[in-house]
Amino acid sequence: MGFVDHAEFHAAVYDIVRLIPFAQVTSYGHIAKLAGMPNHSRHVGQALKFLPPNTNPPIPWHRVIGASGTISSRGPGTNGAQRQRDALVAEGVEVTTGRTGELRVDLGRYGWFPSVDEFRAAQEGDDEEEGEA
DNA sequence: TAATTGACTTCTG
DNA sequence: ACAGAAGCCAATT
C-alpha cells in the first residue's frame, strides 16, 4: 500500500471516511492506520481541511475525532468544532461538554475501530465501484 | 535551506 | 483527570 503522492493519500482518506457507519465515530490516527500510514494522523486532519464543502457523495468528516474521544477545537474564533458537534448530535450521537468546554464522545458506545482486515471486507461488501479485479 | 505549523498520538508526572 | 513533552511528517513560511 505505499502511496506515492499526496493526492492518493487524500483519496484514500476520503474513501475511508465515507465508510464510517452512521452515528459512529473514529479517530484521525485510526484512519491513518487503515490507510497504511500509521504515523500520518496529522495529515488526515489536513486532508479533511482541504475537503471541499459540496461533495457527492457527501463525506462525513464530522465522524472523525481525536483518539481520546474529544472533538479537536480549531482554535478560538472558529466554529468548526461547534458545527461538528451539531452534526453528530443530529445523527443521535451523544456529545458531552466538559467543565473546560471540551466536546467529548463516548468511544465505547460510538467508536468505530475496525482492523485493517475488517475494513477491507467492509469495503468489498459495501462498495464495488473501485474496480477490484 | 531552515524553522514553524498543525482538524494528532502516546507517554509521564 | 489534567498538563507538559516528545515523537511524528508533509506543507507552509
Side-chain angles (χ1 to χ4, degrees):
Chain A
M1 213 30 120
F3 298 105
V4 294
D5 86 352
H6 185 238
E8 251 184 89
F9 177 67
H10 277 212
V13 168
Y14 297 157
D15 284 343
I16 295 167
V17 172
R18 264 201 293 269
L19 290 179
I20 304 174
F22 183 85
Q24 294 200 251
V25 298
T26 192
S27 73
Y28 300 96
H30 194 75
I31 289 176
K33 206 174 296 182
L34 292 181
M37 305 190 111
N39 298 337
H40 286 58
S41 51
R42 311 186 87 128
H43 303 288
V44 172
Q46 284 296 100
L48 295 185
K49 187 166 61 175
F50 274 102
L51 190 59
N54 304 316
T55 60
N56 191 6
I59 298 178
W61 56 270
H62 54 276
R63 295 180 192 149
V64 185
I65 64 180
S68 55
T70 59
I71 294 176
S72 309
S73 83
R74 278 70 144 185
T78 63
N79 63 337
Q82 292 273 317
R83 292 194 296 104
Q84 183 166 7
R85 192 262 317 267
D86 293 343
L88 287 173
V89 170
E91 293 190 352
V93 175
E94 288 181 28
V95 180
T96 66
T97 301
R99 190 161 41 80
T100 62
E102 77 235 18
L103 304 173
R104 182 177 294 265
V105 173
D106 184 349
L107 293 181
R109 269 175 46 125
Y110 302 102
W112 181 76
F113 298 96
S115 68
V116 176
D117 288 342
E118 291 169 325
F119 165 69
R120 277 211 248 273
Q123 208 172 23
E124 287 178 13
D126 197 71
D127 175 68
E128 321 191 7
E129 323 303 303
E130 296 302 315
E132 189 72 21

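Order of the sequence lines fixes the chain letters, A, B, ..., with proteins taken first and strands second; residue numbering starts at 1 for each chain.
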Which pair of non-hydrogen atoms, one from A/L48 and one from A/Y28, has the smallest distance, and what is that distance? CD1-CE2, 4.2 Å
So, taking the atom named NE2 in A/H30 and the one named OG in A/S41, what distance separates them when rounded to the nearest 0.5 Å? 13.0 Å
Check nucleotides 11-13 of chain B for protein N or O atoms closer than 3.5 Å to its own N or O atoms and list the pairs.
none

Specify the separation, in whole Å, of atom CD of A/Q82 and atom P of B/dA7. 17 Å
Distance check needed: B/dG6 P versus A/K49 NZ, whole Å only. 7 Å
Are the side chains of A/F22 and A/R63 in touch, meaning some heavy atoms are under 4.5 Å apart? yes
Apply salt bridge (charged side-chain N to carboxylate O under 4.0 Å, His left out) to residues A/D86 and A/R83 and explain how you reach the verdict. CA-CA 5 Å; A/D86 293 343; A/R83 292 194 296 104; over 6 Å; no
To the nearest angstrom, how far is A/L48 atom CG from B/dG6 atom C1'? 13 Å
Roughly, in whole Å, what's the span from CG in A/D86 to P in B/dA7? 19 Å
Is it the case that the side chains of A/R85 and A/Q82 hold a donor-acceptor pair, with the cut-off being a distance below 3.5 Å and no angle test? yes
Should the ring pair A/H10 and A/F50 be called parallel, tilted or perpendicular, given that the plane angle runs from 0 to 90° and is split at 30 and 60? tilted
Just how far is it from atom NE2 of A/H43 to atom CE of A/M37, taken to the nearest 0.5 Å? 9.0 Å
Spacing of A/R63 atom CZ relative to B/dA7 atom C1', expressed in whole Å: 17 Å
C1' atom, B/dG6 versus C/dC8: distance in rounded Å? 11 Å
For a quick check of understanding: with a heavy-atom distance under 4.0 Å over all strands, which category does A/G66 fall into, base, sugar-phosphate or nothing? sugar-phosphate
Protein-to-nucleotide contact annotation, 5' to 3' order, nucleotides 6-13 of chain C [B base; S sugar-phosphate only; - none; under 4.0 Å, heavy atom]: -BBBBS--
Base, sugar-phosphate, or nothing for A/R99, non-hydrogen atoms under 4.0 angstrom? sugar-phosphate
Closest non-hydrogen atom pair between A/S72 and A/A81, with its separation: O-CB, 3.8 Å
Just to be sure I understand the rule, does A/S68 reach a base, reach only the sugar-phosphate, or reach nothing, if contact means heavy atoms closer than 4.0 Å? nothing
Phosphate oxygens OP1/OP2 of B/dC8: is one of them under 4.0 Å from a side-chain N or O of A/S27? no
For A/S68, give me all partners under side-chain hydrogen bond (donor to acceptor under 3.5 Å, both in side chains), at least two apart in sequence or on another chain. A/T70
